[in-house]
Asks: 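Structure incoming, see below.
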Amino acid sequence: MNNDLIQSLALARKANHFTQAQLAEQAGLSRMTVQRTEAGDLDPRYSTLAEMARVLGMDIIAVPSSLRPSLQAFIQSGGRFLGQPEGVDAPPSVIDRLRTES
């Protein structure tokens with residue numbers, strides 16, 4: 001299982017101030033399932049991870065491995081366009097544009 005995903009879910013749980021038991025209850029899982037998933041002792045089903053993510057206000061998406069670095073750069077840039085040549089400022093993101101229009 002992808003440890004990055006499980007670590008992201010564990011960090012999101014903690015950031016939302018949920019205990020493992022609270023997350024389990026809201027996701028319809030046992031506390032032991034959440035505990036063993038976070039500890040890496042369990043290879044969870046997709047549906048288990050999806051329910052944990054849903055409770056935490058997250059979505060799980062499949063991204064081709066070749067696009068992962070570009071997607072991470074896009075997210076870290078605050079939503080600016082992909083494929084921007086290095087050394088050239090990216091155009092304003094959609095979020096920046098919405099802030100100036102408000």
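Numbers for residues simply follow the sequence, beginning at 1.
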Asks: Of the non-hydrogen atoms in T33 and T37, which two are nearest, and what is the gap between them?
Replies: O-OG1, 2.7 Å
Asks: How many angstroms lie between atom OG of S66 and atom CG of L71, to the nearest 0.5 angstrom?
Replies: 11.0 Å
Asks: Flag the pair R68 / D4 as yes when at least one side-chain heavy-atom distance between them is below 4.5 Å, and no otherwise.
Replies: yes
Asks: Mind checking the CD1-CE spacing from I6 to M52? Nearest 0.5 Å is all I need.
Replies: 8.0 Å
Asks: Got more than 12 heavy atoms from elsewhere within 6.0 Å of CD, Q22?
Replies: yes
Asks: Using 0.5 Å steps for rounding, measure from the CG atom of L23 to the NZ atom of K14.
Replies: 12.0 Å
Asks: Is there a path of hydrophobic side-chain contacts, each under 4.5 Å between heavy atoms, that joins V55 and Y46?
Replies: yes
Asks: Report the distance from atom CZ of R54 to atom CG of L49, rounding to the nearest 0.5 Å.
Replies: 13.5 Å
Asks: Of the non-hydrogen atoms in I60 and A53, which two are nearest, and what is the gap between them?
Replies: CG1-CB, 3.9 Å
Asks: If you measure from the Lys or Arg side-chain nitrogens to the Asp or Glu carboxylate oxygens, is any gap between R36 and D43 under 4.0 Å?
Replies: no
Asks: Give a yes or no on whether a salt bridge exists between E38 and R13, defined as a side-chain N under 4.0 angstrom from a carboxylate O.
Replies: yes
Asks: Rounded to the nearest 0.5 Å, what's the gap from CD on Q35 to OG on S30? Could you check?
Replies: 9.5 Å
